[in-house]
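I have placed the structure first, in the form of structure tokens, so that the comments after it can refer back to it.
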Amino acid sequence: MLEIVNYREDEYGFPCLVVLGCFDGLHNGHIELLKKAKLQAKINGLDLGVMTFTDGKGGRQIYTFEERLGFLEEFNVKFVLKIDFTEEFKKTSATDFLNAIEEKINVKGFMSGKDFRFGAGAKGKSSTLKNYAENEDNGVWYQSVKDVMYGEEKISTSLIKKMLENGDIATANELLGRNFSVSGTVISGADRGNKLLGFPTINILYPENKVEVKSGVYSVVCKVGENSYKGIANYGARPTFDEEQPVLEVHLDGFEGELYGENITVEFCEYIRDIQKFESAEELKAQLEQDILKIRQ
């Protein structure tokens, strides 16, 4: 289990390597950095720690803080340096930020992406870290890692968010190195899927702090207990029934049972089509049958 070290509050005494960054996306660029950091920590006999913000840097996140913890464990990370992105924190200079970490944590080395910016006004950069490490009084070393590119563009959280919002889920998944997922509690709905259409569905409360995917119909995968099910998900309004409130509604192919109150993770695989308004429930049912055939293929 990862240890949580609160910035400016908690201490960490074992010699360690701290990776600096936001890590709200944990995409392929971050993965490359974490792989190299894991190796450096092992070579130098250091514990590995990773800095991350609790709620990102404002706005909706690709992954919540709790989801990030699960992914970070895969890289043998021993602790997370947990930081709240408050107004006070934003005013902290780059040097004061580094000094504050060293006051509480036994840091022997820092690593970051080459484009990492930090401190008030984002004035701190890799050259700042390099100069800081070259000062013998600070007693640390520093290593940067090159950006990972997607064509001519750097893989970044903002790029992936744009893809998710535009419905380019396949490319977003490629850059993330995994399927984008949403976890939420199954809530009760109108039960039209089962009674009216013959397609039982589960309604999931979409987390307020997660980036929203484009409204539409998706092929998805959900794990229920030890089993995984393919399915189709509708995120957005339900115009056939004159409902405008966005809902994440999922039909799991082959699943039978009740999931009310359960926490379910929905992995988005492919954007199938836009949401449509059908003239009748029968027309909608015919379209859903085609959607199911598509995901089975």
Side-chain angles (χ1 to χ4, degrees), residues 1-7 16-42 47-85 110-118 126 143-150 153-166 168-184 206-213 220-223 263 265-269:
M1 184 68 180
L2 282 177
E3 183 174 341
I4 305 298
V5 176
N6 292 289
Y7 173 69
C16 62
L17 164 62
V18 175
V19 187
L20 302 174
C22 298
F23 298 102
D24 48 349
L26 278 172
H27 49 63
N28 282 338
H30 294 144
I31 290 170
E32 184 66 19
L33 171 58
L34 290 169
K35 282 180 179 177
K36 292 184 176 178
K38 178 181 176 181
L39 178 61
Q40 286 299 321
K42 184 176 181 180
D47 277 2
L48 181 59
V50 174
M51 158 199 164
T52 191
F53 295 113
T54 48
D55 296 315
K57 293 173 70 176
R60 292 177 177 250
Q61 307 158 64
I62 294 178
Y63 293 115
T64 64
F65 180 74
E66 290 72 22
E67 288 171 334
R68 280 176 261 151
L69 295 182
F71 294 136
L72 288 171
E73 286 191 27
E74 300 172 14
F75 295 93
N76 202 31
V77 174
K78 299 296 184 183
F79 71 93
V80 165
L81 177 59
K82 177 184 173 185
I83 302 176
D84 297 324
F85 197 64
F110 286 112
M111 287 183 70
S112 75
K114 203 169 184 64
D115 70 332
F116 176 59
R117 297 289 183 271
F118 65 106
S126 56
Q143 181 178 334
S144 64
V145 174
K146 288 182 180 179
D147 300 331
V148 177
M149 307 298 289
Y150 177 72
E153 202 163 359
K154 180 191 77 171
I155 296 178
S156 66
T157 298
S158 57
L159 174 62
I160 295 169
K161 281 184 178 180
K162 190 186 303 180
M163 290 174 172
L164 292 171
E165 290 163 354
N166 291 337
D168 189 0
I169 196 77
T171 307
N173 290 343
E174 181 184 344
L175 302 191
L176 285 170
R178 69 185 76 82
N179 290 337
F180 173 73
S181 61
V182 169
S183 297
Y206 202 100
E208 290 183 0
N209 56 351
K210 288 276 285 190
V211 63
E212 289 183 279
V213 293
V220 298
V221 172
C222 297
K223 189 172 183 181
N263 191 271
T265 297
V266 181
E267 294 186 12
F268 290 77
C269 302

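Computed from a predicted structure; not experimentally measured.
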Worked check of side-chain contact (heavy atoms from CB on, under 4.5 Å) between Leu33 and Phe23: CA-CA 10 Å; Leu33 171 58; Phe23 298 102; 3.8 Å; yes
Stepwise side-chain contact (heavy atoms from CB on, under 4.5 Å) check, Leu176 with His27: CA-CA 4 Å; Leu176 285 170; His27 49 63; 4.2 Å; yes
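- Rounded to the nearest 0.5 Å, atoms CG (Asp24) and CZ (Phe65) are 12.5 Å apart.
- Between Phe53 and Phe85, the ring planes are perpendicular. Angles over 60° get that label, and only those under 30° would be called parallel.
- Of the possible donor and acceptor atoms, one in the side chain of Thr52 sits under 3.5 Å from a partner among the backbone N and O of Cys22.
- Going from atom CZ of Arg68 over to atom CD of Glu73 covers 14.5 Å, rounded to the nearest 0.5 Å.
- For Asp84, the side-chain hydrogen bond (donor to acceptor under 3.5 Å, both in side chains) test picks out Thr54, with sequence neighbours left out.
- Pro207 and Ser183 make their closest contact through CG-O, 3.3 Å (heavy atoms, listed as atom of the first residue, atom of the second, distance).
- Between Gly29 and Ile155 the shortest heavy-atom distance is N-CG2, 4.3 Å.
- Taking all atoms of both residues into account, the shortest heavy-atom contact from Asn28 to Glu174 is ND2-O, 2.7 Å.
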Step-by-step salt bridge (Lys or Arg N to Asp or Glu O under 4.0 Å) determination, Lys210 to Glu67: CA-CA 11 Å; Lys210 288 276 285 190; Glu67 288 171 334; 3.1 Å; yes
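- The minimum heavy-atom distance between Asn173 and Phe268, with the atom names listed, is ND2-O, 2.8 Å.
- When atom types are taken as modelled, the side chain of Lys161 and the backbone of Arg60 share a donor-acceptor pair closer than 3.5 angstrom.
- The line from OG of Ser126 to NZ of Lys114 is 5.5 Å long, rounded to the nearest 0.5 Å.
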Step-by-step side-chain contact (heavy atoms from CB on, under 4.5 Å) determination, Thr157 to His30: CA-CA 10 Å; Thr157 298; His30 294 144; 4.1 Å; yes
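- When all heavy atoms of Glu74 and Lys38 are compared, the closest pair comes out as O-NZ, 4.2 Å.
- Counting all heavy atoms, side chain and backbone alike, Ile62 lies closest to Val211 at CA-CG1, 4.0 Å.
- Atom NZ of Lys78 is separated from atom CG of Asp47 by 6.0 Å, given to the nearest 0.5 angstrom.
- In this structure, the side-chain hydrogen bond (donor to acceptor under 3.5 Å, both in side chains) partners of Asp168, at least two apart in sequence or on a different chain, are Thr171.
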Verdict with supporting geometry, Phe118 and Ser112, side-chain contact (heavy atoms from CB on, under 4.5 Å): CA-CA 11 Å; Phe118 65 106; Ser112 75; over 6 Å; no
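- For the side-chain contact (heavy atoms from CB on, under 4.5 Å) with Thr64, the lone residue among Asn209, Asp55, Val182, Leu69 that qualifies is Asn209.
- Between Phe180 and Tyr63, the angle of the ring planes lies from 30° to 60°, which puts this pair in the tilted group.
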